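Notes for the one structure printed next.
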Amino acid sequence: IYNTLGAMIMRNLWIKSNTGYYYGGGVYNSAPSTFSNIRFEKNTITNYYGGGLYNNNAGAIFEQLSFYENTAASGGGLYTTVSISLDSAVFKGNKATANGGGIVTTGGVLTLNNTVFEENTAGSNGGGIYSTGAVNAKKINLEGNKAASGGGIYNTKVFNVEDLLLKNNSATAYGGG
């Protein structure tokens, strides 16, 4: 799905086994859309960002999303360039050859609430979360994620967190958790 101008509303979808070359193996979004109760599974970007979903619109709404076994160079599950909020999301078994097995955020503020990152892998940094923007997180679990640096979390800006579980994450170089 390529959505660049339309205010699309998507609910109760299963987006599975799609492939793209540049951005958004499952969905590319650059419009103020609504995503609710969507499962992104086994989607692939062969060259760049956002195996499951690529987003660059701050007006998008995300509710109850799950990302399973998606693959990209960066942002195996989700890649966003703007502020977003995720509530009750799951990132499991996603892979990035470079950064952010679960999620990459490169701008604005990433707000996470009641979110799980399990068994995500990055070849470079941030097995679960890779962030160069600010992060506000509450009730998040990161378990069994792997990367060269920042097995669970790789962060370069402000990271505010409350009620965090870091368990069995690993890094081959720096910062297992």
Side-chain angles (χ1 to χ4, degrees), residues 1-123 126-131 133 135 137 140-147:
I1 298 172
Y2 181 83
N3 185 42
T4 187
L5 296 174
M8 187 163 49
I9 297 172
M10 296 193 295
R11 290 192 172 100
N12 306 319
L13 300 178
W14 189 1
I15 299 171
K16 182 177 180 182
S17 299
N18 300 288
T19 302
Y21 187 76
Y22 291 114
Y23 305 104
V27 174
Y28 173 97
N29 183 65
S30 64
S33 301
T34 299
F35 298 87
S36 179
N37 193 31
I38 299 176
R39 180 180 177 115
F40 296 88
E41 184 177 358
K42 296 184 179 178
N43 298 291
T44 301
I45 278 298
T46 57
N47 211 32
Y48 290 108
Y49 311 135
L53 170 64
Y54 177 89
N55 179 67
N56 66 356
N57 188 287
I61 297 169
F62 301 101
E63 302 164 339
Q64 297 176 317
L65 303 184
S66 57
F67 298 85
Y68 291 94
E69 300 176 25
N70 298 286
T71 305
S74 287
L78 169 63
Y79 190 105
T80 184
T81 62
V82 294
S83 293
I84 65 167
S85 180
L86 292 170
D87 191 10
S88 300
V90 175
F91 293 82
K92 186 169 184 177
N94 299 288
K95 295 178 184 167
T97 54
N99 300 317
I103 187 171
V104 167
T105 177
T106 61
V109 178
L110 172 63
T111 302
L112 300 170
N113 186 43
N114 196 31
T115 300
V116 175
F117 295 86
E118 289 183 354
E119 301 169 8
N120 299 290
T121 305
I129 300 169
Y130 176 92
S131 175
V135 177
I140 63 169
N141 294 348
L142 292 105
E143 186 170 350
N145 299 289
K146 298 177 183 176

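Quick caveat: nothing in here was measured; it's all calculated off a predicted structure.
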Residue pair Ala122 / Ala98: nearest heavy atoms and the distance that separates them:
CB-O, 3.5 Å
Taking the side chain as everything from C-beta on, heavy atoms only, tell me whether Val27 gets closer than 4.5 Å to Ile38.
no
Does the side chain of Ile129 come within less than 4.5 Å of Phe91's, by heavy atoms?
no
Within a strict 4.5 Å, meaning less than it, do heavy atoms of the Asn3 and Ser33 side chains meet?
yes
Evaluation steps, side-chain contact (heavy atoms from CB on, under 4.5 Å), between Tyr28 and Asn56:
CA-CA 9 Å; Tyr28 173 97; Asn56 66 356; 3.7 Å; yes
First locate atom NZ of Lys16, then atom CD of Glu69, and finally report the distance between them rounded to the nearest 0.5 Å.
9.0 Å
Under a 3.5 Å distance rule, please check whether Asn145 uses its side chain to pair with a backbone N or O of Asn120 as donor and acceptor.
yes
Thr106 and Thr80, any side-chain heavy atoms less than 4.5 Å apart:
no
Working to the nearest 0.5 angstrom, can you tell me the gap between Ser30 OG and Asn55 CG?
8.5 Å
Would you name the heavy atoms of Gly127 and Ala147 that are closest together and state the gap between them?
N-CB, 3.4 Å
Could you walk me through whether Tyr54 and Thr81 pass the side-chain contact (heavy atoms from CB on, under 4.5 Å) test, one step at a time?
CA-CA 9 Å; Tyr54 177 89; Thr81 62; 3.6 Å; yes
Distance from Ile45 atom CD1 to Ser74 atom OG, nearest 0.5 Å?
12.0 Å
Please tell me if the side chains of Leu53 and Phe67 come closer than 4.5 Å, counting only heavy atoms from C-beta onward.
yes
Name the one of Thr105, Leu86, Val104, Leu65 that satisfies side chain to side chain contact (heavy atoms under 4.5 Å, CB included) with Leu78?
Leu86
So which atom in Ala72 and which in Gly50 form the shortest heavy-atom distance, rounded to 0.1 Å?
CB-N, 3.8 Å
With distance as the sole test, does Thr44 use its side chain to make a donor-acceptor pair with the main-chain N or O of Thr46 at under 3.5 Å?
no
Heavy-atom closest pair, residues Ala96 and Gly76
CB-N, 4.1 Å
Return the CD to CG distance between Glu119 and Asn94, rounded to the nearest 0.5 Å.
10.5 Å
Taking Asn43's backbone N and O only, do any of them form a donor-acceptor pair with Asn70's side chain (distance below 3.5 Å, no angle check)?
yes
For residues Ser83 and Gly108, report the shortest heavy-atom separation together with the two atoms involved.
OG-CA, 3.2 Å
How many angstroms lie between atom CH2 of Trp14 and atom CG of Asn12, to the nearest 0.5 angstrom?
13.5 Å
Run the numbers on Phe35 and Asn29 for side-chain contact (heavy atoms from CB on, under 4.5 Å), then give the verdict.
CA-CA 10 Å; Phe35 298 87; Asn29 183 65; 3.8 Å; yes
Derivation of the side-chain contact (heavy atoms from CB on, under 4.5 Å) call for Thr111 and Asn113:
CA-CA 7 Å; Thr111 302; Asn113 186 43; 5.7 Å; no
Under 4.5 Å between any side-chain heavy atoms of Leu13 and Phe40, yes or no?
no
Qualifying residues under ring pair (Phe, Tyr, Trp, His ring centres under 6.0 Å), relative to Tyr48, sequence neighbours excluded
Tyr22, Tyr23
Find the distance between OG1 (Thr4) and CG (Asn57) and round it off to the nearest 0.5 Å.
9.5 Å
